[in-house]
Structure formats: structure tokens, C-alpha cells
Amino acid sequence: MKRVYPREERCINCHLCEVACIVEHSETKLPSAAYHVEGLRFNREDSRTICDPAEARAAGVPKPLNRTLVQTAGYLSLSTNCRHCEEPDCVLACKNGSLYVAEDGRVLVQEDKCVGCWMCVMACRYGAISRNPARSNVPAVAFNGINHHCDLCPERELPACVWVCPTNALVFEDRDDQ
Amino acid sequence: MATEPTLAPAVMEPVVISAAGLSYRHLNEQVRSAIRSGATEITLNDVMGHRYIGTGIHAPGVTIHVNGVPGEDLGAFLDGPHIIVHNNAQDGVGNTMNEGRIEIHGQAGDVVGYGMRGGRILIRGDVGYRVGIHMKGYRDKQPLIVTGGCAGNFYGEYMAGGCQVLLGIGQSDKKPVVGQYCASGMHGGVMYIRGELDGWKLGKEVQQIPLDRHDREFLKPVLEDFCETFAVKEKLLEFDRFVRIAPVSARPYGRLYVY
Amino acid sequence: MNHVIIGNSFAALFAVEAIRRTDQDAEITVISREPQHVYSRAMIHEMLAGMVREPMVYLRDWDFYKRMRVRTMLGRTVTRINPGLHTVSTGEDETPYDRLLIATGGKPFVPPLNGLQDVAYHSFITLEDAKKLKAACEGRRNAVVLGAGLIGLQCAEALRHMGLDVAVVEMADTVLPMALDTESSQTIAKELADEGIAVHTGDTIDLIISSDGHPTECKLRSGGTIPCDLLVIAVGVRPNIDLAKDAGITTDRGIVVNEHMETSAEHIYAAGDCAQGPEIVTGITMPIPVIPVASTQGMIAGYNMAGKRRRYGGALALNAMQFGGVQVISYGFVKDERDGEVLKYVDPPRKIYRKVIIKNGRITGAIFVKDVDRAGIFRHLMEKRIDVTPFKEHLLSPHFGVAHLPAEIRADMFTRPQ
Amino acid sequence: MPSMRGNRHFIRRPHQEKDISACGIIGFINRDGTRVSGDAIIRSIANMHDRGNGLGGGFAAYGIYPEHADAYALHIMYDDERAIAETEALIRNTLETEHAETIPVHPNGTVTEYPEFRRYFCHAPDVEERDADEYMVRLVMRINAKIEGAYVVSSGRNMGAFKGVGFPEDLAEFFCLQEYEAYLWTAHNRFPTNTPGWWGGAHPFTLLDWSIVHNGEISSYGINRRYLESFGYACTLMTDTEVVAYIFDLLVRRHGLSFEQAATVMAPPFWQDIDRMPPDEAAEATALRQTYASAALNGPFAFLFGYNGGLIGLNDRVKLRPLVVAERGDTVYMASEESAIRVVSPDLDTLFYPVAGQPVIARLYSETAEKTSVAHGGTVHGN
Amino acid sequence: MEYYEEPNARVALGLRRPEPGDWYHGYPEYHVERDDDKCIRCLVCVRQCPYDCTFYDPYRHGVYNVHENCVNCRRCEFMCPTSAIRMTKWGAGFRDNDNWKQKTIRTVYKQADSGAVSLTGLGNDREYVSYFDRMVIDASQVTNPSIDPLREPMELRAYIGKKPERHTNPPEVYPNLKAELPVIFAPMSFGAISFNFQRGLAMAAKEAGTYFNTGEGGLHPDLRQYGDHAIVQIASGRFGVSLDYLSNAAACEIKIGQGAKPGIGGHLPGEKVTWDVSRTRMIPEGSDALSPAPQHDIYSIEDLRLLIYGLKEATEYTRPVSVKIAAVHNVAAIASGIVRAGADIVVVDGFRGGTGAAPAVIRDHVGIPVEVALAQVDQRLREEGIRHQASLIAAGGIRSSADVIKGLALGADAFYIGTAAMVAVGCTACQQCHRGRCSWGITTNRPDLAPRLQPEVAAERLTNLLHGWAHEIKEMLGMMGLNSIESLRGNRLKLRGVGMTQVELDTLGIQQAGL
């Protein structure tokens, strides 16, 4: 199946993939609305999106979050997202079966079933699953949020991150034969 | 029955070529074709101003003897061979030389070893102006020029690497060991000069330092090589007569410009 | 090929899926003592607390068995396995098998307590248990949970959420003694205390005082007495190996399996909490009762049963849990610091705690509290036994990620399908 | 002299850089050397009357002076007496003149005002054959460049060019061409667009015994001219046809190229075609193109090139101007239009359109070892 | 890696305080206008700015600028996903004064601040006459047909090198470059430009059937595969020059001068000599790469001959040898001498040529336009009858296919394009090449900036540019009724001048328009 592959030697650490991802997964699909109306602020220390539930609540608004993440070390950067594994560790670990492998091979989550136990975060060896505190199916005890990872932009032919990347550092291709 | 073609013998008879009446182009073609057919010892007689001897030859293990006076650019872009000039040489010896060895039993003209980046040039006598300029060293390639006599102005100008040794044999009040602007613009490599050196002659980018143990260890085999090659009897291993000249900075003009 | 699976939880589920993926024609029979559709035992505390609707407990849609063409024998208890005859017996009838998977999970361990025989108490393992407990909560005020393991604490938290006063009694010095190290368990203990749960560690119940078959008070070894009108025993779970043992299959603490999930008996496999397979850090076999291991073992067993030879690289103890607002993820042996280099990052105000134990360049244990993002990379480092020495200093940085890994590992992870 | 009435200047060079014109051309050769009168060529060119506009026409005829066969026949036109005096003084000083006379003319039709025409049959003194040619070329260049009001129309042995302003059939009558007999005739009908017709600007253009009639335009004129100038050619006539003649001279006479090679230079094969040639051929074509890049004729053209030994037709390399070749017995015709040939020779053995850029060469049998057909290329049509 | 700073490290938080020695920066030149409504705080601009101009203030949750650092490279504007950024000039600037312009005043400040030579990049930006822009091209109408280049073959191939004077049997053969169109990428050294850009040039040259020029920085090992399409330079510094370098290339070029800075050498500052540059140039990492103007073995024309034939000997006469000079006052005579010294190609580099770094005073005031130099050199070589002995490449200020056509008509065989190639891959002509932190990844090898230009992207854009120009050249040739550039080369009748004096027309060898 076609997957998104990063080409780190081309990545220029601009984070436009994250922007495109957020906009694509926003309600309005408008950048300013996605950030300002639906949006939320950046974490002070590292300009990553906030995952701290308390902070998120303090900010007061749910937000679309990036499902791809640019990871950096010195000069190196690469945009990483769900590998859509054939035998996904996250599906094997999911506490109540809310993660599943779809017909077309994508690894998806039933958003109304996920209880935010983070077994998937624990299981994913690519660090590709994040926590979306904007939604929760479990009302109390802990502020849970739900599983949040790349869905390969079902409404687009080319995932938004790939489409936007100015240096083609992300490619969407089928490498299953390799 | 047809005989099997035989391979060229590993060691061929020395090839002797007379340069008399040959243009440099034909002479060099003959040298190249001799090398291609396996010659390792080539003697060129009656050389009289033939340019480009050994130029652009990539052939380690080949020795070329030159009898007579070779012309400009002897051994330019040289890549391996060993050239022995039994007389004086003219200008441009070892221009942009890459590897190999050139011995000149007499003296050499201007611009010896321009942009040289490897190999070794030994000169028995004096050299002219601009010797060893733009010399560069990179990793295992460290060029070396040893001059027996004295040198003219701009010795080691813009030197960026490698090593030059100037022995100053035969220096006197009228004939200083090195001319003016020695090492001007030098920003890499090292030079060793034996004898009286006036500080004002040096470029402002360099400093004089007495030799230390490493310098001595480096110089000893170099000087022995020189003495052996030219059968020099003079005692050269008096290290206190040498000074080492090295650049203050690898970036001499770092503060010259404003953005 | 006729496949029979005893048990109906994670290992069984993934075994079914693996068999079906490999062999469209196989007959599959699932026999389970519990009558429910395949559900997650890890969800029962949320169920108890009423935090989730019941459908969220079930692991697959209602048509799962139909889609997978599985013959179900739910609510039937297997009484005996006959390896020689290739049948399992449920008392009433014999079910023949070509391949058998034992995925019987664990059974609660109940310690001998003074007075226990006189009272109604609860276990907290199955959906049934949860439902019973929920019913029993009616009108109760003081719950006591014996055992501060994961199940005990989750139960305690659920009961607290339902409005009961809850006390937890744990013999060990810390909560979650098996899963966490001292420092992280203290964080959890504090979180529980903040929620209003009384935690008594280093203590145990000496005597249960009861009246009319119901507990009223528990006397603690330390001398105190705590009121109790609802008692939950959650001391631990033991691998359920009785069937295997009776059938003459080699057992230790669990049913001993090799890397293909094969037991000592031909064509009989075991997977999940009841199995004792190889562990990846130490290389020795031990039962690791966590979901990912059970699922993976079940899947591997399923493939092997269906004839597709697959090897299991070994289990890694790993767990994710959360109490209050604190998430914890742990990998490997987080308490064993002997001969190891310990890297720690502590940020008490934000409750962030990270620890990595490195032995011979390899990570043998890691724990993340609160800030758990991208922790999974450590699983990769541990399972692939990657030498972390070159990038050791970055391991605990908040920015640590795949970018810090050596190029060839990154390439392995991100340039080909996984 | 009636022709010199008033202040008309027939040999005034227009200041235009070059002359632009469209035309009709026709030529034929009797390869056995049989000489025929001008009747046929006149009928042929008259048939293409509409290709011209009466502002220029001309003829070249080979073999017309058997009695002076070894002498250079200089056809010169003059504006005035001063030019005549100056030129004749120069000729006296530099050449040995065997015979000199006024070219008989017969004013008629459109040709009423005209310059003075004279011809001189001369020998270059004391020079070798090859150098004699060079000597004559220099002299012709000198007259054309230096003497105002004089213009050398032709200068070859045993041939002559006749040209002027008017329709060619009128000019033929004017020059009494039916009275000349030649084995090789070429003719030209001109349609200049932007210059007043001047007599020197008409075709053919000649140098020694070489004559060119040309249909089309050489778009590369600017560089061709600069190139020729570096070899000492004075391009005084402001016309691209002149350039063709000089390039022929340079390539064939001075550099010793064959006609085929010269044709390759002038209408070079495309690089893509060269790339597909066998290596030897490609090497030669590449060498020719590289060496003579500035001599390549670019733009639409068809020209007929006459010399004492034969007739050559050449098209530009994409064939933007018409050229048709036909054979009847020993006669080879080359023309802009088939009708111009059929009008004098209704039954033809072969008729074909030459391949763009490939020369059609018809030589006298006396010049070739055997009788060969010219139909070696192009589309051959039966009669 | 040590000298890498986070781009937002310089957080000014709105407090400006020009240093006593920094008046130059005390007056901002550009203003980065940010539409706060559109700004989504994605921080793309912050990460993209290499000039410490843009920063994020977490306390106000806003993006702000240190405007005095802005060089108007427009990278942030280009990358902003919401078009929230707009560059404007800063306020009124200094009082209007045609004599003391903004630039002049700022340069004086800069030098008074530092006491140093004001360095700059790219090409001459002064308002000199552009003769290219005063020449117009001929076209066919009625009398001769124009040719439709879409249907008809149209030849742009140029053989570059010495040609025989006349044909002989067998023909004399000289090594020639074969370019499928008369446009070659100008010498730009790895070090001055990024590896990715040079690789893009090489790939595009191969794709389009033309050549790239290594400049004086050596040939990177990874580009050896493009040796057939490489012209390698030999300059005074002899960087990376070895026998292998010479014999692996299509042609060798002796660099005497550069149009942007005639008589001035190259100086690659040590910080640009990274590991990769170092191994390509074969000099130690971090050391200055000095390449002074004179080749110290060339002090006269016969010395040049010595080097030309030295290179021919070294390559056994299989490669054309080119000599590149800056267009200066008596360029025709110099070029003639160079041809007589044996060069197969003469490159004349006009004063609008670009540079990675040059003192501004030299870049802006030295040299002559390539148009006149070209016209004069071509004329002179023709007059001397040696035009065939060398091809002529015009460089420095070729911006479009029209310039190519005009240059061809003036007599050039081919053209170098440098700045045009850079612009094709994103250069905005911000003139900061010398600072080594090109925000477009073109003239930098800083590892965080260089990937911004990807070789494949560069190659594709460059190939597109060449294709576009080739189409235009074909159209214009067809329009003139020509189907081969040979017939245009030196064909000055195809040009006319507008708005020039007779002296200028004569110098160019063309006529006034209308005649």
C-alpha cells in the first residue's frame, strides 16, 4: 500500500507538514480558523503542540493537532508519522479493540470507542501516536483524550503533509515490493 | 603454429630518447608511449628547453632522467613518476604536482611547485622567485620542497599546506637565504629556513618559532634524503640554525571585510 | 484443519484472526467458561465506575464470530484435555481438534486470611466479577481493597469514583510493587491520596471482622483498624495452568512454550497470561501477563497453528497505566538497577519522571511518568537490542526522538514498510 | 549614347544592406556540348513571367565565344563616359586585350533606358593559370568596388552574362540573345520588393565563369558577408546572391572542395541527420559544418549555379523554394516550375524534385568519365 | 555543528539598542509586515529565517521581527502558509537625495562602524546602460518566410572550440564541446554555492545536453559521473586541481578574471570550508581558501601560453582549453592575444556578472558591459582572421533568451548563465551570497540551510529554464527565417539599435533602428 516516507536529507525543518496536517484535520480547513478559532497555543519550551491536558483545558478551546511530527536533532530533522504497519503493535496492544486495520491497510482508530489508556503510545515503536486531549470518551478520573495518529488524509489523493512539503522530503509511495 | 603473444617483460631495458630536433609535443608523446609499453627507466638526452617534460603523466614507478636543460613546466600535474634533472631546470617545475618526486641537481627558476599538493621536489642549488606558492596539503598528501641553496622573493607566498625547507647553502651578505615578502599570505603548512633570516622580510601573517622535538624528528629524514640524493657533505643537522615559520592563523583575512 | 481454542480474550482473539488470515477453510472453535462476547478484562474497572458504556468493553463487533466463521462454545468449561485422543472434554461432550490453543489466562490468587471464610468478598478479574461488585456496592460506604497491584488500584479508583471511601492495603512497601520503581510509585501513591484513597503499604489484613456474612472491619497487622463493608481481594493473578498440568503438559509458573508458542505436547499451543514464553531482556522464560504480549503470542500461535511458521522474538514486559492525571509507561525491569547505569530526569512540580537503566549499552528498563510521548521508541531500542551508548546523553531529553537514533536505524524504521 | 540621357544612374548601389526578392529561375545544359540559340531559354523564362515584376531579369550563356575561347570575356556596364575611361585605362594597364567591342543591344518593350554595355576579351599577363583567376577576381573586385558607375557583369572565359531591369523576355530581345549559341543557358526573372531595380542587382551574379541565378533569400546574409569579408571578398552588390557566388569561389576554387562538399557547406545536413550517418560520413559532415558554420546559407533558396563544366542546382535544406529537374536525352533542365521546362521540351525522360540540401549536378560529358543520369535523388516522375 | 544557533536565539523582545559601533544596523532598511489576523503562529518563518530577524515571543504568543536584520530575502514571505507576511521598505528612509542615496549612506555607516572593505554578493546593481536592452531584433515579413519552429527542424547545437580554417582531407579535428543549446552554466564553485545546487546544475546540464562549470572549487567526488558535462576551472588557488580532475572533464578553463570583480581574487572564508568542501578542494577544513587575482605563474601572455599548453599536454590534446577573462577596456586586444596563445575558447565575462563575494566598490565600478566587449572581440578576431581558432563565450548579465539571441548576433558562440540559473532555483537577488547563510540554500553549505534546495528540484527547474529559452530561441530564429544558430552567429544585420549614439552603434557594429 502507499505510505508516507520521510527523506530526512531533504527535510528543512520548516514544519509546514504539521501546519498542513492541522489544517486538513480541522473542522473548517481554513488555516486561520484552524489555529485561531479551533486552535491552541504552542508549548513554550519546545514549540511542540501541547499535550498536557491541564494546559489544554486552560487554553479553553479544543484544537486540531498535527498527526505528523517533525523530530529534530541538531541539523537533522525528519517528519514522522504513523507507519501503518502490517501487523501494528498498537492494534495488538489496544485495550479495547478501538484500533484496527482497515480494508485498505490503513491503521485507524474508532474515535468514539478509544478510552485513552495509551497502550498504543506505549506500543508504537515509531513514537507516531500522540494524544488528542480535545476529545475524550471517558468523562472523569483522568483527563484522557483519544488516540491521535496519521490517517493518510482520507479526503485527499495525496496526504496534506506530502502535498505541502516544499522540498519533497515526504513521499507517498508504495514500497511493499522492496 | 602461431606463437602466443607474450606480455611485455616486467623490467624493460632502459629507454633512451634523444630530444635533439624533437618538438616538445613529440618528445612527450614518445615518453608517454614508452611508458605505455612498460618502460620504467627513461633517459632523455640533448634536452634543450623542451617544455612539459613529464607533464600530466600518471605512472608511479617510472624514472625519467633528463640530461640537458629542460624547459618550463617540468613535471606539471605530475602524478607519480620520479624525474631526475642532472642540470639546471627552468621555471615552473612541478606546477600543481600531485605525486612523485623531482630531483634537480642544479638550480631551478621561478615558481617551483606552484599549487603543489603532493610529492617531493629536491633542488640542489638556488631557486628563483615565488617558490612553493599556493602549496596545499590535504590529509595524507603533504607536499615537500627542499631547496639546497637560497631563494628569491615571495618564497612560500599564499602557502596553505605542506612543507618547504630552505637550506641556504652558499648564503652570504650579498646573497641572503631568502628574499623579501617571504611567506606573505601564508595561512597553512610550515617552512623551515636555515641561516640568517631578517624578520622584516616575513609576511605579517606568520611568525618565527624555534624548532621543537617534532620539528627535529620531521626534518632529520628529510635532510638525510637531501644529502644522500645530492651527495652533500655539509653538516646540515644543526637544528639551532633553523627557524620554523608558521602562520598565525588559518584565516589571515578574516577581518578584512564587513558584510 | 480443525482448530480449538480454549479461552476468549486477547490471545484467543488474535489467534482466531491469524488463523483466519492464513487459512480460509479452517474450522475454528472457541470454548470459553465465560458466556460473554469477546471482551477486554482491562476495561472492567471503567465499566464498574460507569465511565464507559458496555459496548466499549467488547473487543470486536457483534458479528465478529460470524465474520470469522468461528464455532463458539461460550459458557462451557473445559474439564480435560486428551492429548492422545486429540480431543478436549467439556464434561458433556468431547471436541476433537487438530490444533489446540490453551489461552486460559490467569486466575485470582486468594491468600489465606483470618476471617475470610466467613465473609462475602469479591475478586476483580472478569466482567462477571465487575457486575457482581457493582451490584454489591449498593448501600456500602467503606470499601477495602487488598492488594495495590494494577487491578487493585484500578478497582480502588473505580470504587472511589462511585463515591465509596476506599482503603488499599498492600503488603509491599510501595504501590504497584511489581510494575514500578520506588520513585514513580510514590508519585502514584500521592495521586491516589489526592483522590481520597487511603493507601496502607507495608501492611496486611490480620483479621476480617464480620457480621452476618458481611465484613465490618479489618484489623491491620500494623495494629490499626479500618472500617470495611465491601472487601475486594486483588492480591494477584496466577497463570491458569491446571488443564495443561492435568494433561501432562510441561508447566512451570505458566505453561512452558517455545518461541513458536508450542507446548511440550504435540499440536498443543499456549498463549497469553497462562503461558510462559521467552523474555527478551533476560532471555529466560517467564509469564508476562500484559495485553500486548498476550495478543502477540496469540497471533504467533495462530499463525503456527495454521501452518505459517512464525517465530516470536520474545516478550518484553511493558505496561501503560494512569491514575489520577498521571500516565505511566514502563518497559522491562525498572527496579533492577544492579550493575546498570541509571539515567534519570525528574521534574517534581510537573510530576514528570523519566528513568532509563542501561546495562552493557543496552536498555534493560525504562519508565516514563506523565510525559509519555514517543516512549514507544524505547520499546524499539529494547526489542532490537540497540546499543544506545552513542546517543545516551539525549535519551532523556524532552526532544528525544527518532532523529537522535543512528542513521541506519532510522533508515530501517522509516524507509521501508513495517 | 541614348542610354546615358539625363542623370539616371543604373549602377548606383542602393544603400539598403541587401536586396530582397522573389524570383523564377530556369537553366538547361546540353551535356554533349551541342550549342543552341537563346530561343528555348527565352520561351522558358517568359513562361514564368508572373514570377517577376519587370524590375530585373538576366541570362548566363556558356560557349558563346568560341572564337575567343581562351580569353576572359569581361562584360561591363557603364553609367557614364568617365567610368568608361577609368575602367578602360585600368584594363589597358592590367590586361592584354585580345578584342573589345560594344555589346549590341536592341531597346524595346520595357527596356528603354539602359546603361552602356561593352565587352573585352582579355588575358592576364604573365601569371600562371591558377593565379590568373585570382588576378581576374581581384581586378573585378577592384572595378566593382572602386570605380563609380562601372560594374562587371561577367568575367569568365567563353561565357557571358546579360542582365538588367525589365522582364527577362524583353531583356533577351534587348540583348539579341537569339543570336547567341550556347550549350548551357540559365535565366532569371526577378521580383524585387524594396529597391528600385538597378541593373547591377539583377541576376545572374558571376565571378569568372561562375554564374548564379537564385530564387529566395539568404537570411544568414549578415554573417555570410562578414565571413567572406575576412577572406578579402568585397560584397559590394548588397545582395545575397553575390554571397553565394563568393562562397562557391572560396570553397571550390580557393579551398579545393568538391561541389558536393560545397553543397554540404551551403545547405548543411541537420545535426540530427548527421548523428544518424555512418561514422565516416558524419565525421566529414561535422567537420564541414564546424569549419564553415558561417558559410552555411540559411533561409529559403533555390539556385542554379553555372560554370563552364556544368550546371548545379541546389535547394535550401528544408526546401522552402521550388526546384524541379528534368532530363531529355542529353539535355538536363532545372527550373522553378515544371511548365517552364515542358514549354520547350514537352516529352521528358525523367522529372524529379531534388532532395532538400542535396545538389543536382549535370556535367558536360567531356567533364565526366561516363554518361550518368542526374536523377540520383528526389522523386522521379515519368513523362 | 558547534556554531549552529537556534534561529530564534536572538530574542530581542522589542528592546532595540543599536551598538555604538553598529550604526548600519541602527536604521532598518526593510520592514517585515505581519498580518496578525492571518498569522497562525506556526513558526515556519521563525525556523526559516537565517538572518536572526524573526523570533517567537512565547509570552505574547506572537511572532516578531528584528527588522534591522532583515535583508529582504523574502524566504519567510514565500514559506508563510497563510500569506501573512509582506515585505516593505522601512518608512521614509533617509531624506530623498539623488546624490546621497540610501545605499550610499548606509555603506558609509557600515565602513565607519568597522573600518573594513564593504563586501557584497551577486552582480553589479548600478544603473548603467544595458546595451542588450537597447538592441532590437529583426523579423521576416512576406519577402522571406519565417519558419515555424514547431514543425520545422530548428538547430541550436553549438560546437565550441577551435575549428580548422579550411576543409582538408582528412579533416583536421580539434576537440570541441558539443552543446545542444548555446547556454552553459557559469563557473560557480562548490563552497561558494551549495553542493545541491551544483549537483542540480550538473544534472540539468546532462539532461539538456550542455555543460556546467565547476568554478575554481574542484569537482566533488559525487559529481565525477557528470564529468562529461563538466568544464573544470584552474584558478590561481589550484583548488582540487589534479590530473584526474583535468582528464575527467569535458574542458579545462583557466580563470584569469571574473566580470564582477576584474583583477580581484576569490576568497572563500574558512567557515564555508566544511568537510565536504574541504575534501573537494583538497584543503584542510576551516582554513581560508585564498585564490588571489593573478595566477602567480602567469605574468604575461607567453606564461598563459605555457599554462594552456601545459593543460593540453596533461590531457594529451583531447580537451579544449578555455581562458576566461573579465571584460575590460582593451578586451579585444587581450582576447586576440589569448587566441594566439592557443586557447580554444575565450570567455568574456561582463561587468554585470555575479559573484559569491566581492568588494562592492569593485563590483560596481570596474569592467565593461559584455555586449560591447563581445562585439569588439568578435570583430577584432575576424579582422585578424583568427576567429575560427577559438569559440567565444559571453558571460555576465545574460538574463533571458533575448540576451542570448542578441549576443549570438553580436558574435558569441555560447553563453554562460550564472545569476539566471540561481534565480531559476529560487534566488531572490538579496545580495547576501557572501554571508554563507543563503536562505534559499543556494550559496550556503550550512547543513540546516543547504537542503532547502534539492538537486532534483534544481535540475528540473534549470532544465525547464533551458527548455523555455530554447523554445524562445527557436521561435526567434524562425521569426528571422533561420533554422540554425550558426546563421545567426555574428549576423549583426539582425540587430538594430535604439537610443544609442553613433559611436555606440559603431562599437556594437550595428545599425540604427529604422535603417
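First the proteins, then the strands, lettered A, B, ... as listed; each starts at 1.
Counting heavy atoms from C-beta on, the side chains of B:Tyr24 and E:Glu313 come closer than 4.5 Å. Side-chain contact between B:Phe77 and E:Ser242: absent, with no pair of heavy atoms (C-beta onward) separated by less than 4.5 Å. Annotation: side chain of B:Asp73 is in contact with side chain of E:Leu306 (closest heavy-atom distance under 4.5 Å).
Looking at E:Arg279, the atoms closer than 4.5 Å to chain B (heavy atoms on both sides) sit in the backbone and in the side chain alike. For E:Tyr245, no part sits under 4.5 Å from any heavy atom of chain B, backbone or side chain. Contacts between B:Ile57 and chain E at a heavy-atom distance below 4.5 Å involve the backbone alone (N, CA, C, O). No part of E:Thr120 comes within reach of chain B, as not one of its non-hydrogen atoms sits under 4.5 angstrom from that chain. Contact of E:Thr315 with chain B is not made at all, since no heavy-atom distance falls under 4.5 Å. Only the side chain of E:Leu246 comes within less than 4.5 Å of a heavy atom of chain B; its backbone N, CA, C and O stay farther away. At a 4.5 Å heavy-atom cutoff, the contact between E:Ser236 and chain B is made by backbone and side-chain atoms alike.
Among all heavy-atom pairs drawn from B:Gly185 and E:Leu290, the shortest one is O-CD1, 4.1 Å. Between E:Pro284 and B:Tyr138, the shortest heavy-atom contact is N-CD1, 4.2 Å. Residues B:Lys136 and E:Met282 share a closest heavy-atom pair of CB-O, 4.3 Å.
Taking chain B as the reference chain and counting heavy-atom pairs below 4.5 Å, the highest number among E:Pro292, E:Ala357, E:Gly237 is found for E:Pro292. Chosen from E:Lys312, E:Glu285, E:Arg238, E:Arg281, the residue pairing most often with chain B at heavy-atom distances under 4.5 Å is E:Arg238. The greatest number of non-hydrogen atom pairs below 4.5 Å with chain B, out of E:Ser291, E:Ser278, E:Ser287, E:Gly121, is found for E:Ser278. Highest contact tally toward chain E, considering only B:Asp91, B:Leu78, B:Asn95, is held by B:Asn95 [criterion: heavy-atom pairs under 4.5 Å]. Ranking B:Glu157, B:Met97, B:Arg32, B:Glu99 against chain E, the residue ahead of the rest is B:Arg32, based on heavy-atom pairs under 4.5 Å.
Within 6.0 Å of the OH atom in E:Tyr109, the count of heavy atoms belonging to other residues, nucleotides or ligands exceeds 12.
A distance of 10.0 Å separates OG1 in B:Thr55 from CG in E:Leu243, rounded to the nearest 0.5 Å. The structure places OH of B:Tyr52 at 8.0 Å from CG of E:Leu311, a figure rounded to the nearest 0.5 Å. From E:Arg305, atom CZ reaches atom CZ of B:Arg51 across 7.5 Å, with rounding to the nearest 0.5 Å. Atom CD of B:Glu72 sits about 15.5 Å away from atom OH of E:Tyr309, to the nearest 0.5 Å. If you take OG on E:Ser247 and NE2 on B:His58, they are separated by 9.5 Å, rounding to the nearest 0.5 Å.
Of the possible polar contacts, none joining the B:Arg139 side chain to the E:Ile283 backbone as a donor-acceptor pair under 3.5 Å is found. A donor-acceptor contact shorter than 3.5 Å links the side chain of B:His187 to the backbone of E:Asp288.
A cation-pi arrangement is present between B:Arg25 and E:Tyr317, with the terminal nitrogen or guanidinium carbon under 6.0 Å from the aromatic centre and inside a 45° cone about the axis.
Look at E:Glu316 and B:Arg36 and you find a salt bridge, because one of the NZ, NE, NH1 or NH2 atoms lies within 4.0 Å of a carboxylate O, short of that distance.
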